[in-house]
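Worksheet for the structure shown next.
Residue numbering restarts at 1 for every chain, and letters A, B, ... go by the order of the sequence lines. The structure presented is a predicted model; accordingly, all values stated were derived computationally and were not measured.
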Number of protein chains: 2
Amino acid sequence: MVKGVDKVGLGGSIRAVERETLNDRVYRELRTMIMSGGFAPGSEMKLRDLAQSLHVSPMPVRDAIGRLVVERALKMLPNHRVIVPETTIDEFLEIRRVRILLEGEAAALACQHVSPDVIASLKRIHEKIKSLSGNKQRQFWALNQEFHFTVYEAAKSPLILSMIESLWLQIGPVFNHIPINLTSEGARGHQRIIAALGAGDAKAARAALTEDLMKGGDRIIAALIQDKQPAH
Amino acid sequence: MVKGVDKVGLGGSIRAVERETLNDRVYRELRTMIMSGGFAPGSEMKLRDLAQSLHVSPMPVRDAIGRLVVERALKMLPNHRVIVPETTIDEFLEIRRVRILLEGEAAALACQHVSPDVIASLKRIHEKIKSLSGNKQRQFWALNQEFHFTVYEAAKSPLILSMIESLWLQIGPVFNHIPINLTSEGARGHQRIIAALGAGDAKAARAALTEDLMKGGDRIIAALIQDKQPAH
DNA sequence: ATATTTGATTTGTTATCACAAATCACAATT
DNA sequence: AATTGTGATTTGTGATAACAAATCAAATAT
């Protein structure tokens, strides 16, 4: 009954100081599911349903949903019902505009902090993407995400990183639920980003990233238009 | 006992469709207080205290604080205690960097939508600021805020607007709690912004706004440095 | 047959309460 | 005198339950 006995691990490692609350767990789980396409755009997020499937009370779910609404990952209708947003083309363009600003800035900043490790990681992910066969949209999206965030983390700006995360969260459902024509073009864009970072050329890095987002965005927009007119 | 009788206002106005929950009210009130300097940086936000002073249960306060933590208006320490952030110089520079990106973009976008009304409003606010006597820091901050957001609302981009709001929320406590040397220089910056918007010159608008933020930021940074070394 | 009402069900909102972790204050011991 | 242990208090976390608003469906009236 001696206090603190459970803090001195016999295995030699002190107990992790991080306390994982249910709030945080639910928030992180929902976040991951949204980002990876776990929910279709337009689907309703019902408190009690989610609570039951996550085996918690409605309260932490409510909390997590509230947070996600603030960062626009979910949308609250006037009825106070919460849905995964259905992104219009205008909204997508709006997001892309901001992404170019922030992710371009991050790429430029990354040039000041880039290390051989980062370059190596980027090349490794790049190879994985190139070796992706067929139209494996989900895998492409996940690897693409890994590639981009490797760059953004190198920028060493927690504020910019969190804002970019929020933007990706908003377009996650689109990427994962609209069938996109994946060509191998995207690879060249990543190649240019790696080159610019390797050279420490901030201007080139921003330009390369901007072009990547523009090209990729154009494909999404085309898919969005096609998706809106299923007939004929 | 006819249903809907309370929806058809006899005064001619339909009952407001907006349902104002306690959550929202508390959130909005805390938000306003933070932005306008109601809390000093570093002060703790205690659930039960706030609940008591707002005459609600701790639950809506908890909800509102959670949201504000997500948008970085409040900061959660590892102990899970929540405080108003104390902004370091590095953090301030980080925020300014992003502000220049987003607010510059907003100014450029505003050029496409600017109307005589907007120009008139800006001039009116500008006159008010110029007529401000003495070092009325609070009033200056409030009017400055009004001026800038008049521009940003004209940009017609809800996403950019909400992101800018979040950034202002983060620097609100700084502006209102660090004594700043208010010179009349700021006025010229606003004058240039009005001119650029009036001419519909997006490039000039972005440049004018950037300079305004840089100049203003420099004064804040000077104040932050002075504030950190009170002795000698 | 259509529209409206009314009751039942669902769903979000909020207070109360029980619990857990952290902090604080005081005492005991070295 | 300083430090460590111990209990009390404070503070955040999460579940339950009561409440309110919205939705849905069936029944009624026109």
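For D/dG12, neither phosphate oxygen OP1 nor OP2 lies less than 4.0 angstrom from any side-chain nitrogen or oxygen of B/N79. The side chain of A/H80 places no N or O atom within less than 4.0 Å of a non-bridging phosphate oxygen (OP1 or OP2) of C/dT11.
When the P atom of D/dT23 is taken as reference, atom CD of A/E44 falls 10 Å away, rounded to whole Å. In this structure, A/L50 places its CG atom 9 Å from P of C/dG12, rounding to the nearest Å. Atom P of nucleotide C/dT11 and atom CD1 of A/I83 are separated by 15 Å, given to the nearest angstrom. Spacing between atom CG of B/L47 and atom C1' of D/dG14 amounts to 13 Å, rounded to whole angstrom units. B/M45 has its CE atom 14 Å from the C1' atom of D/dG12, to the nearest Å. If you measure from atom CG of B/D49 to atom P of D/dT10, you get 11 Å, rounded to the nearest angstrom. Atom CG of B/L77 and atom P of C/dT23 are 10 Å apart (whole Å).
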Trace of the salt bridge (Lys or Arg N to Asp or Glu O under 4.0 Å) decision for A/K128 with A/E146: CA-CA 11 Å; A/K128 268 199 205 169; A/E146 203 182 334; 5.1 Å; no

Salt bridge (Lys or Arg N to Asp or Glu O under 4.0 Å) assessment of A/E71 paired with A/R31: CA-CA 11 Å; A/E71 44 187 348; A/R31 204 174 204 275; 3.5 Å; yes

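Residues that satisfy the salt bridge (charged side-chain N to carboxylate O under 4.0 Å, His left out) test with A/D49, not counting sequence neighbours, are absent from this structure. The salt bridge (charged side-chain N to carboxylate O under 4.0 Å, His left out) test applied to A/R67 returns A/D24, A/D63, not counting sequence neighbours. Every residue two or more places apart in sequence or in another chain that forms a side-chain contact (heavy atoms from CB on, under 4.5 Å) with B/R97 is listed here: A/E105, A/L109, A/I160. In this structure, A/S43 has no side-chain hydrogen bond (donor to acceptor under 3.5 Å, both in side chains) partners at least two apart in sequence or on a different chain.
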Bracket string, DNA chain C, 5' to 3' - pairs by Watson-Crick or G-U geometry under 3.5 Å, | interstrand: ||||||||||||||||||||||||||||||

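Among the candidates B/L74, B/V61, B/L68, the single residue satisfying the side-chain contact (heavy atoms from CB on, under 4.5 Å) test with B/M45 is B/L74.
Around atom CD of A/Q52, no more than 12 heavy atoms belonging to other residues, nucleotides or ligands sit under 6.0 Å away.
In this structure, B/Y152 and B/W168 have perpendicular ring planes: the angle between them is above 60°, well past the 30° mark.
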N/O contacts under 3.5 Å, protein versus nucleotides 14-18 of chain C?
unit_1: C/dT14; atom_1: OP1; unit_2: B/L22; atom_2: N; d: 2.4
unit_1: C/dT14; atom_1: OP2; unit_2: B/N23; atom_2: N; d: 3.3
unit_1: C/dT14; atom_1: OP2; unit_2: B/N23; atom_2: ND2; d: 3.0
unit_1: C/dA15; atom_1: OP2; unit_2: B/S57; atom_2: N; d: 3.2
unit_1: C/dA15; atom_1: OP2; unit_2: B/S57; atom_2: OG; d: 2.2
unit_1: C/dA15; atom_1: O5'; unit_2: B/S57; atom_2: OG; d: 3.3

